[in-house]
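To start, the structure under review is shown below, and the notes come after it.
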Protein chains: 2
Amino acid sequence: MDIVERLTQFGLTRHEAAIYLTLLAEGDLNGYEVAKTTGISRSNAYTSLASLVEKGGAYVIEEATIRYTPVAIAEFCQNKIRKLQQAKQDLIATIPAKRDAVEGYITIKGENNILNKLRNMILEARERVYISVPAQILETVLGDIESAINRDIKMVIITNGSFTLAGATIHIADQPLQQIRLIADSTNVLTGDVSNGEHSTCLYSRKRNLVDLFKDSMKNEIKLIEMTKGN
Amino acid sequence: MDIVERLTQFGLTRHEAAIYLTLLAEGDLNGYEVAKTTGISRSNAYTSLASLVEKGGAYVIEEATIRYTPVAIAEFCQNKIRKLQQAKQDLIATIPAKRDAVEGYITIKGENNILNKLRNMILEARERVYISVPAQILETVLGDIESAINRDIKMVIITNGSFTLAGATIHIADQPLQQIRLIADSTNVLTGDVSNGEHSTCLYSRKRNLVDLFKDSMKNEIKLIEMTKGN
DNA sequence: GTGTAGACTTACTAAGTAGGAACACTAAAT
DNA sequence: ATTTAGTGTTCCTACTTAGTAAGTCTACAC
């Protein structure tokens with residue numbers, strides 16, 4: 001992902017991000033110099049500098065002419081994160097907790113949201129997790145799997161390619177896996193695939209019958225893998 | 001702060017935030033019901049619902065008519081925070097560290113940015129912190145001060161009102177304090193006031209002469225407080 | 001007058017907001 | 001049975017604001 005795009009996630013516009021990077025690279029500059037080195041028109045350079053200061057991305061150095069100095073990247077990012085963490089706590093405190101009904105069949109759309117749900121299911125698991133995902137996806141949630149294992153969660157992983165992880169039971173499938181499947185605590189299940197990027201969809205459910213169905217299905221998958229391995 | 005406004009910090013529009021809150025309050029709804037209860041026009045309700053799903057704030061329930069269910073607030077917020085933390089790490093890894101020159105006199109604008117700088121100075125202190133702030137501001141950075149004390153940072157606090165804190169040296173001033181002043185590690189200093197909200201300005205500097213000046217000034221302030229107490 | 005420094009003006013685009021209209025389908029009232 | 005009211009969804013128009021792009025105007029210094 002582009003550096004500028006990453007910075008926009010912290011609330012900067014593309015101009016502000018470009019200016020911020022220029023300040024880091026070139027040292028402390030004034031508006032005119034910023035415009036010259038970034039190629040942003042002077043008028044926009046001045047307004048963007050002002051709003052960059054307002055957003056806490058740069059400080060003002062008062063000299064003969066006003067110069068700007070970038071705030072350290074870790075500091076700038078952490079300020080935003082801290083603010084969101086505070087906002088999260090405030091929201092949790094003010095918003096009535098959602099009664100966790102046994103929902104029906106829920107569709108989760110978009111690769112990002114699916115991976116987030118995958119992560120959160122692993123993070124919230126109390127006893128055991130059965131997960132069957134392509135190696136590539138396993139990589140992205142590895143940290144969460146490890147932390148679950150450290151919490152003494154029983155972890156059974158089905159994936160393709162070679163993979164080992166202390167504390168987890170691993171089954172390696174021959175064919176490349178297409179699907180994502182996860183069962184946590186025998187109570188909630190996630191299935192689908194993320195091959196369509198942001199158009200991917202997954203099914204999430206806490207319905208007993210579906211969960212049982214998937215438990216059997218994964219048991220069979222594991223049996224099959226072990227049998228073909230035996231040959 | 002308004003709940004809707006807090007949610008917008010997590011990337012939702014006002015419409016999306018209102019819809020999200022309605023879903024939490026009313027349970028799972030379809031587009032028509034959302035429009036009816038929120039008062040948002042039907043056309044916008046549908047588009048906002050779609051983008052709320054895209055942003056991971058709600059899931060789709062497929063039944064006779066499509067219904068929407070809100071994602072738990074903690075989960076939604078944490079997804080965003082996790083993403084930003086990852087982005088922060090990526091940025092730190094890709095961006096060349098700013099050489100920490102002895103900058104001149106830096107002006108920090110806006111109450112939020114000033115308080116952030118205050119926090120970060122406390123967080124980054126290695127040895128000692130002298131801080132002189134009104135009780136009200138002391139409250140907001142109390143957590144950071146406590147964690148600094150736990151890191152064995154020497155902490156000297158001048159404030160008004162009554163205040164005690166284990167591990168810190170406290171001096172109570174009679175008159176209400178107007179100014180913010182902080183010296184960390186005898187190397188960097190922050191001074192100004194935040195009484196003008198977002199139009200407040202503070203001076204930050206690592207200049208030796210200014211730091212020394214402030215050290216003396218705060219020493220005198222402490223002496224004066226102790227002497228008047230003696231009377 | 002040429003480079004530096006900053007402010008003002010205009011224009012285009014995209015996103016968010018606000019509201020009307022078309023269309024289809026269902027249940028109740030006449 | 002036909003009309004009417006309500007439900008559910010999509011499409012279209014319009015206004016506002018923010019971000020972007022670019023030109024003009026003043027002022028000063030060397």
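Every chain is numbered from 1 and lettered A, B, ... according to where its sequence line falls, protein lines coming before strand lines.
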Exercise. Using whole Å, report how far NZ of B:Lys36 lies from C1' of D:dT9.
Key: 15 Å

Quiz prompt | A:His15, nearest nucleotide to its side chain (from C:dA5, C:dG16, D:dA21) | solution = D:dA21

Exercise. Would you mind telling me which residue lines up with the more 5' stretch of DNA chain D, B:Tyr32 or B:Ser43, judged by nearest nucleotide?
Key: B:Tyr32

Quiz item: A:Ile40 has an atom CD1; how far is it from atom P of D:dG19, in whole Å?
Solution: 13 Å

Quiz item: How long is the line joining CG of A:Asn44 and P of C:dC12, in whole Å?
Solution: 16 Å

Self-check item: Nearest-Å distance for atom pair CG/P, residues A:Asn30 and C:dT4
Solution: 10 Å

Quiz item: Would you say the side-chain atoms of B:Arg119 and A:Asn79 include a donor-acceptor pair closer than 3.5 Å?
Solution: no

Quiz item: Hey, are A:Asn44 and A:Ser41 close enough side-chain-wise for a donor-acceptor pair under 3.5 Å?
Solution: yes

Quiz item: If you look at every strand shown and take non-hydrogen atoms under 4.0 Å, does B:Ser41 touch a base, only sugar-phosphate, or nothing?
Solution: base

Practice problem: Mark yes or no for whether A:Asp185, through its side chain, and A:Thr187, through its backbone, hold a donor-acceptor pair below 3.5 Å. | Solution: no

Self-check item: Whole-Å distance separating the CD atom of A:Glu54 from the P atom of D:dA18
Solution: 11 Å

Practice problem: Nearest whole angstrom, please: distance from the P of C:dG6 to the CZ of A:Arg42. | Solution: 10 Å

Quiz item: OH of B:Tyr46 versus P of C:dT17: gap in Å, rounded?
Solution: 19 Å

Exercise. Using a strict 4.0 Å threshold on nitrogen-to-oxygen distance, state whether B:Glu16 and B:Lys55 make a salt bridge.
Key: yes

Exercise. For A:Leu49 and C:dA5, give me the distance from atom CG to atom P, rounded to whole Å.
Key: 13 Å

